[in-house]
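Heads up: the structure comes next, in structure tokens.
In what follows, chains are A, B, ... by sequence order, proteins preceding strands, each numbered from 1. All values below were derived from every heavy atom in this structure, side-chain atoms included, with hydrogens, water molecules and symmetry-related copies excluded.
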Amino acid sequence: MNYYEVAILKSPQENLTYQSLDEIENGTKVLISLRNRKNLIEAVVVKKVEEPTFKCSDIGEITSFFYSTEMLEIATFISQYYVCSFGEAISLYTPFNKEIKINEEQQLFDSKIVLSNEQEKAFEFYLQKKQFLLFANTGSGKTEIYIKAIEKVLNEKANAILLMPEISLTPQMENRLEKVFGNSVAIWHSKVSKKRKEQVLEGIYTGNIKVVAGARSALFLPFKNLQLIVVDEEHDESYKSDSKPRYNAKDLSIYIAKKYNLNLILGSATASIGSFHKLPFIRLKKTYFDTSKRVYFDNSSQELSVAIIEKISTTLSRGNQVIVFLPTRANFKYQICTSCGKSVECPYCSVSMSLHKNDLALKCHYCGYTQKIPDSCPSCGNGIIHNLRVGTAEVEERLKELFPQKIVKRFDRDEIKTDNKLKSVLNEFNSNKIDILVGTQMLSKGHDYHNVKLAVVLGIDSVLNMNSYKSRERALSLLIQIAGRSGRKGEGEVIVQTQNEEFFDYYINNSDYEEFLKSELEFREGLYPPYLKMAKIIFAHANGLKVKDELDRYVKLLKQNGNIEVVGFGQSPIFKLANKYRYEIIIRSSNIKELLKVLHSIKSTMVTIDMDTNF
DNA sequence: AGCACGCCGACT
DNA sequence: GTCGGCGTGCTC
């Protein structure tokens, strides 16, 4: 009889031991029974072990799917670093299939791309360093370098992965890749249909699909000979998963590339501080079109000041387009009573609800709860609910009043719900059928706008004033990303509404982002990442008293540990979410081993651990 | 995470 | 009396 340690897929429980008469290789996917469950469940053989002291059950079925040694190793790392079970970590992967034969036919690609001198230098740097940060201004031609690098790897019979945040939002990348790699490239993200995913997997198994451009999950596809990972817009915080395992696909890419000596390109116009600290970088500043950008500041606090309206008006009268950016989604972020100052809160989550004018309703952004707009304040009964902080729909309405002869459209998650809608709005905009596009973060994410000569940035102060050590990085990179959308060909203007002109002006007009990264690194030394590690311990339970007790118990316990520091603790920013009360503890340490030891020692059903949390 | 067990209130 | 609520605890 053989005995095997087995990890149960998607289960938080520890590995168990099963027996079988068969000789089973490590990584094989098997089906087992568990005492309390009626159906067979999926598990992975981790290793062969000695006969245990307790009685074992038989392995029910051996499948033809298997996880490679590398997959098992990386999953081990994930379970250690991001604090989850091995079963949860390995579940991120799609296994290989033994039954499908690989098509060995060699295919050569010719991108026909000729790199500029600057780009050539960056490519040489890549060949020399293997893993590097492509710190390249908007419009300096990052994509050509990605394609060249992918082309080279594919022509050496290897595979490549290109990670992008929200790839479903960037159809132009898809087009460019398909032009060069044809049927050998596939797109992979959560919105790809089940049927298409099966096709793509089949293609990866047979070797016909050699490169995948995708979201986080593309990192876990069963490529036989992965040699390159490209992480586009590497500063983007959406690479961090917010469900268990809470891994960061960018950080994991760095880990994997270093461990297996793979090629790695992290690309961004506003490089993250972490990557800037960790990797050699090359700067690409020159843009194809000689763009001259002028950035103006406006310190008014009205939604649309006279100066802003004038700028928009001038731009439009010259036949050019305008984008207007806001950090919030709905019409107004907060509804505040003019008499008692309270806002209307969601009954399930302790957050203020947002106004959706089309539906005449208040909507909770976290749980989706919707209610009618109350006629008077629900707290004091006599005040009127007043709108604070403007949103996209409100600005859209205002602009339509101001420029009735112009076409104004909204570009946010409420408006753009499908791929087709996205493509059609982008098409309309790029063929000049829309004059002003009003939107949120979505506006800043890598789209090419050809005729935009003015970017209006509203509400950036609310990003800068958020209570996080990352606020400055977030606000400045966001501003630069949006500014990059204006004047891609020729002259462009940006007008920023802010009370913090000094900060933005210094790094935009007098200095640059590299300078900012260096000063920020100085500021963070000894206090924040990348110099030390931070983690958040989240406590959640329907019983508010119970969870508070648990929090207090752990605060006391953690404060006694000399190897880590309790930075803070208390109610979560959203105290009540989906009917659960939430508290959190933030800890940090320069000693990663000790930090992880502490995190692994926490055994509580109320707790979720978030390593390298996006504060 | 599931899933069962078990101990309490409300129904034919 | 038993149906079903979800709190607690276990899974080789």
Side-chain donor/acceptor of A/Thr63 to backbone N/O of A/Lys29, under 3.5 Å: yes
Is the closest side-chain donor-acceptor distance between A/Tyr581 and A/Asn543 under 3.5 Å? no
Residue A/Asn36, side-chain heavy atoms: nucleotide from B/dA1, C/dC12, B/dA4 that is nearest: B/dA4
Start with the C-alpha gap between A/Glu473 and A/Arg524, add the side-chain angles, then the distance that decides, and say whether salt bridge (Lys or Arg N to Asp or Glu O under 4.0 Å) holds. CA-CA 12 Å; A/Glu473 183 183 9; A/Arg524 289 190 192 178; 2.9 Å; yes
Shortest side-chain distance from A/Leu34, nucleotide among C/dC12, B/dA1, B/dA4: C/dC12
Any donor-acceptor pair under 3.5 Å from A/Tyr18 side chain to A/Ser33 backbone: yes
When we call it a touch if two heavy atoms are under 4.0 Å apart, what does A/Ser85 touch: a base, just sugar-phosphate, or nothing? nothing
How long is the line joining CD1 of A/Ile8 and P of C/dT11, in whole Å? 11 Å
In whole Å, I'd like the distance from the NZ atom of A/Lys546 to the C1' atom of C/dG7. 7 Å
For the atom pair CG (A/Leu9) and CD1 (A/Ile41), what is the distance rounded to the nearest 0.5 Å? 8.5 Å
How long is the line joining CD of A/Glu42 and P of C/dT11, in whole Å? 22 Å
Touch check for A/Thr17, heavy atoms < 4.0 angstrom, all strands: base, sugar-phosphate only, or nothing? base
If I take atom NE2 in residue A/His541 and atom P in nucleotide C/dG7, what distance separates them, rounded to the nearest angstrom? 7 Å
Between A/Lys244 and A/Lys38, name the one whose nearest nucleotide on DNA chain B is closer to the 5' end. A/Lys244
For A/Lys10 and B/dA1, give me the distance from atom NZ to atom P, rounded to whole Å. 13 Å
Quick one: A/Gln13 CD to C/dC12 P, roughly how many Å, whole number? 8 Å
Atom pair distance, as rounded to whole Å: CG in A/Leu31 and C1' in C/dT11: 17 Å
Take the protein atom CD of A/Glu14 and the nucleotide atom P of C/dT11, then report the distance between them rounded to whole Å. 13 Å
Of all the nucleotides listed (B/dA1, B/dG2, C/dC12), which has the minimum atom distance to the side chain of A/Phe54? C/dC12
A/Arg35 side chain N/O closer than 4.0 Å to the phosphate oxygens (OP1, OP2) of C/dT11? yes
